[in-house]
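Counting starts at 1 for both ligands and their atoms, following the listed order.
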Amino acid sequence: MKILVVNAGSSSLKYQLYDMNDESVLAKGRVERIGMDTAILVHEPTDKPELKEVSEILDHNVAIKKVVDCLVHPEHGVISSISEVEAVGHRVVQGGDLYSESVLVTPEVKAGITSLFDLAPLHNPAHMMGISACEINMPGVPQVVVFDTAFHATMPEKVFMYPLPLRLYKKHKVRRYGFHGTSHFYVSHVAAQFLDKPLEDTKIITAHIGNGGSVTAVMGGKSFDTSMGMTPLEGLMMGTRSGDIDPAIIPFVMGKEGIGPMEANFMLNKHSGLQAISGGSSDMREIVEGMEKGDKGCKLAYEMYEYRIRKQIGAYVAAMNGVDAIVFTAGVGENSAVLRLSILEQLSWMGVDVDPELNKIRSGEPRLITKEGSRVKVLVIPTNEELVIARDTHEIVKKSHK
Ligand SMILES: Nc1ncnc2c1ncn2[C@@H]1O[C@H](COP(=O)(O)OP(=O)(O)O)[C@@H](O)[C@H]1O
Ligand SMILES: CC(=O)OP(=O)(O)O
Ligand SMILES: [Mg+2]
């Protein structure tokens, strides 16, 4: 079965086409700057030359049409007809308390995702545009949605509730949901295979550090706590997001600067984090480069970012009364040896004995970066959210055919 995996954002759309016979990727690609007349499409077939194009792509419908054209393209295509694609799997960031697992898209599910727009205004509307675009361009093909929040559905009440008036939870579903669940699920289960222990007895801390970042305490294979909350803004300092701040700052700044709630939200999501403190860049590579050249803003941004991740890991050791392994994943977690070393050197108190040489090795494979005998093992595991989405989609569609 061939499955198309779609991750639709507000102005971008990433895709991968899988052949589920051997879980191989036939092609992947991305469309950026959707809504502009200079949108960029990059299509990368596994065994054929890449295709790059700049053109007008005004909405997600046109974007999916372009993706379909690429997949069947005489020179760059990987299938002869779009009817070879038997299912589509979508990443959906917010499933609220409606979904604790992946589901087949039905009119009810679409209404469910739409009812959660308020809880993920930057993400869910874009996902719905992706789903509609696939319905139009691949009529009759079953679609499945895989939620970032689903893996965190096991968090206990004491973890997911906020100490706020109860009516806010009852009326508006104000509670912690957590995100990046597909990634935390994948890397924690790969990590468990490295530990010579039954999954039920494992305590693993997973650090998904990309543009957005979150740390999860995974106990017995289940999410116990995670650093993101009702929205992907809570927790760590991120590329452009503030993460945790004193909530009283928000009304204070709104009053002082004369801004409304939308602007305040925009500031916290898009103009904070590494970018704000470094004075320009949200990219860890540039932050480290700047720091090495003596840039004070980059140095402070790096130190704050590192400190907040380390503090979160420490908190989850306390939350689980111990830890067997720590996992680093996603863009920064997989690639920044410098950042991993800064964090791990200061966790020696709890039995982390990092091997600086192993830490430096670059590879696309899961790998151990602690010395033999380190009481807590540390692993770098490349995440693969798309593979999890393809597997769930495959399972659900197979079942629905029975
Ligand atoms: N070699 C590297 N060293 C440090 N950071 C890197 C490196 N390569 C990529 N990154 C970081 O990874 C981030 C993107 O991570 P990714 O997980 O792809 O994010 P997202 O899925 O949220 O877009 C970039 O912002 C960049 O800072
Ligand atoms: C939920 C979330 O923060 O996703 P991303 O890291 O892809 O922005
Ligand atoms: Mg990501």
Protein residue, atom and distance nearest to atom 11 (C) of ligand 1, heavy-atom basis: Val332 CG2, 3.5 Å
When you measure from atom 19 (O) of ligand 1 to every protein heavy atom, which one gives the shortest distance, and what is it? Asn211 N, 3.2 Å
Can you check whether Met20 reaches Arg391 side chain to side chain, under 4.5 Å on heavy atoms? yes
Are any of the N/O atoms on His123, whether in the backbone or the side chain, positioned under 3.5 angstrom from an N/O atom of ligand 2? no
Could you tell me which atoms of ligand 2, counted from 1 in the order shown, lie closer than 4.0 angstrom to a heavy atom of [X]?
{"X": "Gly212", "value": "6 (O)"}
{"X": "Phe179", "value": "1 (C)"}
{"X": "Met228", "value": "3 (O)"}
{"X": "Arg91", "value": "1 (C), 2 (C), 4 (O), 7 (O)"}

Check this for me - ligand 1, [X], N or O atoms closer than 3.5 angstrom, yes or no?
{"X": "Gly331", "result": "yes"}
{"X": "Asp283", "result": "yes"}
{"X": "Met284", "result": "yes"}
{"X": "His208", "result": "no"}

Could you check, using the six-membered ring where one of them is a Trp, whether His271 and Phe266 have ring centers closer than 6.0 angstrom?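 Yes.
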Could you tell me if the ring centre of His180 sits under 6.0 Å from that of His208?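 Between His208 and His180, which both carry aromatic rings, the centre distance is below 6.0 Å.
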Heavy-atom distances under 4.0 Å are what count here, so tell me which part of Asp148 touches ligand 2: side chain, backbone, both or neither. side chain
Rounded to the nearest 0.5 Å, what separation is found between the NZ atom of Lys66 and the CD1 atom of Ile64? 13.0 Å
What is the distance from atom CG of Leu4 to atom OH of Tyr15, rounded to the nearest 0.5 Å?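 That separation rounds to 9.0 Å.
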With a sphere of 6.0 Å drawn around NZ of Lys28, does it hold more than 12 non-hydrogen atoms of other residues, nucleotides or ligands? no
Residue pair His184 / Ser214, side-chain donor-acceptor N/O under 3.5 Å: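 On atom types as modelled, these side chains qualify, holding a pair under 3.5 Å.
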Under 4.0 angstrom from ligand 1, any heavy atom of Gly212? yes
Assess whether a salt bridge exists between Lys110 and Glu135, defined as any Lys/Arg side-chain N lying under 4.0 Å from an Asp/Glu carboxylate O. yes
